[in-house]
Number of protein chains: 2
Amino acid sequence: MFAMARAATTTDAFNAVAEPRRRQILDVLAGGERPVSELVEALGLAQPQVSKHLRVLREVGAVEVRDEGRRRLYRLNGEALKPIHDWVSGFERTWTERFGLLDGVLEDLERQERGAGGDDG
Amino acid sequence: MFAMARAATTTDAFNAVAEPRRRQILDVLAGGERPVSELVEALGLAQPQVSKHLRVLREVGAVEVRDEGRRRLYRLNGEALKPIHDWVSGFERTWTERFGLLDGVLEDLERQERGAGGDDG
DNA sequence: ACATCATATTCCTATATGGGAATGCGTCAA
DNA sequence: TTGACGCATTCCCATATAGGAATATGATGT
């Protein structure tokens with residue numbers, strides 16, 4: 001009954017930013033509050049699609065809205081991206097040369113332990 | 001003719017890690033090289049699905065393989081995640097208190113400029 | 001050659017999008 | 001009130017998965 005082809009995009013920030021356009025929107029909003037029309041212009045996308053992307057970003061908390069007359073001003077809420085930052089940061093050492101060397105050593109050790117008699121406690 | 005419902009998952013790291021299971025795989029591999037069987041056990045997922053996820057991760061360069069007898073040892077290649085780290089890092093200031101304050105000021109300034117006579121250049 | 005283990009691939013299916021087009025709706029100007 | 005403007009929502013459709021099941025491929029042991 002349940003197939004769940006893919007986690008709903010609205011589920012978490014990871015999925016939300018998997019879409020290039022949405023990242024682009026956040027990039028623009030990093031420059032400050034913007035009405036939808038400006039985002040439409042900046043992205044060169046149709047207005048409805050932009051609104052739809054904004055909705056997804058809103059649902060994961062990456063953006064917030066404020067009504068101003070007939071316009072809606074969107075602004076970034078970067079904190080919603082923190083989980084992503086926290087997660088990838090855990091891998092930062094692997095591409096940082098200095099730590100990369102250390103990791104090499106650690107992995108060698110680990111390999112030896114798993115290979116030899118590494119079934120302690 | 002072209003609908004392109006969503007960028008192919010194999011396109012970039014962002015899409016690859018949008019899937020929780022794949023993040024989990026990378027987390028396990030962060031502990032060192034592992035044969036598929038161990039990943040299957042660690043994830044509690046069927047073997048074919050794990051192999052499929054590994055394929056995606058391979059295609060974006062997040063993991064590399066090494067044949068050892070009838071087993072295939074996968075290892076992490078964190079460098080493929082650097083683009084993600086670079087991108088989110090650009091937003092780090094927005095949730096870091098110290099910078100958050102500064103951003104507030106900058107945004108106020110920006111709002112004023114755009115509000116007043118900001119159509120120069 | 002044959003059985004078995006470890007993985008990868010293929011087929012099938014329900015579901016989740018993303019864009020395009022049309023439409024709904026609240027706000028502001030006359 | 002009427003009309004235009006700014007945005008959100010809905011309908012439609014092609015496409016991309018993710019998982020389940022079955023099968024193919026490769027290496028190892030006897």
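What you are looking at is a predicted structure, and each value in this text was computed from that prediction instead of being measured. Naming convention: chains lettered A, B, ... in sequence-line order (proteins, then strands); numbering from 1 in each chain.
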Discussion item. Just N and O in the side chain of A:Tyr74: are any of them under 4.0 Å from OP1 or OP2 of D:dA8?
Written reply: yes
Worksheet, complete the sentence: Rounded to whole Å, the CD-C1' distance (A:Glu59 to C:dA16) equals 14 Å
Item to complete: For A:Arg22 and A:Ala16, indicate whether the former's side chain and the latter's backbone hold a donor-acceptor pair under 3.5 Å.
Response: yes
Item to complete: Tell me yes or no: between the side chains of B:Ser37 and B:Glu41, is some donor less than 3.5 Å from an acceptor?
Response: no
Practice prompt. Using atom CZ of B:Arg66 as one end and atom P of C:dA8 as the other, report the distance to the nearest whole Å.
Written response: 14 Å
Worksheet item: For B:Asn15 and C:dT17, what is the distance between atoms CG and P respectively, to the nearest whole Å?
Response: 12 Å
Worksheet entry | Closest nucleotide among D:dA8, C:dG19, C:dT7 to the A:Leu54 side chain | D:dA8
Worksheet item: Looking only at side-chain N and O atoms, does A:Arg72 come under 4.0 Å of OP1 or OP2 in D:dA8?
Response: yes
Worksheet item: Starting at CG of B:Asp12 and ending at P of D:dT17, how long is that distance when rounded to a whole Å?
Response: 11 Å
Practice prompt. Figure out the CG/P separation between B:Leu73 and C:dA8, and round it to whole Å.
Written response: 11 Å
Practice prompt. Please tell me which of the listed nucleotides, D:dG19, C:dG19, C:dG20, lies nearest to the side chain of A:Ala46?
Written response: C:dG20
Item to complete: Name the nucleic acid region contacted by B:Ser37, choosing base, sugar-phosphate or nothing; use a 4.0 angstrom heavy-atom cut-off, strictly under.
Response: sugar-phosphate
Worksheet item: Hey, is the side chain of A:His53 poking within less than 4.0 Å of OP1 or OP2 on C:dT17, counting only N and O atoms?
Response: no
Worksheet entry | Under 4.0 Å protein heavy-atom contact, by nucleotide of nucleotides 21-28 of chain C - B base, S sugar-phosphate only | BB----BB
Discussion item. Between A:Val17 and B:Ile84, does the side chain to side chain contact (heavy atoms under 4.5 Å, CB included) criterion hold? Intermediate values first, please.
Written reply: CA-CA 10 Å; A:Val17 307; B:Ile84 301 178; over 6 Å; no
Practice prompt. Check the distance between D:dA24's C1' and B:Arg55's CZ and give it to me in whole angstrom.
Written response: 14 Å
Discussion item. Test your reading of the model: is there a side-chain donor-acceptor pair from B:Asp12 to the backbone of B:Asn15, 3.5 Å cut-off?
Written reply: yes
Discussion item. Quick one, B:Leu26 and B:Tyr74 - any side-chain contact, counting heavy atoms below 4.5 Å?
Written reply: no
Worksheet entry | Whole-Å gap separating C1' (C:dA6) and CG (B:Asp67) | 11 Å
Discussion item. Could you tell me how far apart A:Leu45 (CG) and D:dC7 (P) are, to the nearest whole angstrom?
Written reply: 14 Å
Discussion item. Does any part of the side chain of A:Glu19, heavy atoms only, come nearer than 4.5 Å to the side chain of A:Val56, both counted from C-beta?
Written reply: no
Practice prompt. Answer yes or no: is there a donor N or O on one side and an acceptor on the other, between the side chain of B:Arg23 and the main chain of B:Ala18, under 3.5 Å?
Written response: yes
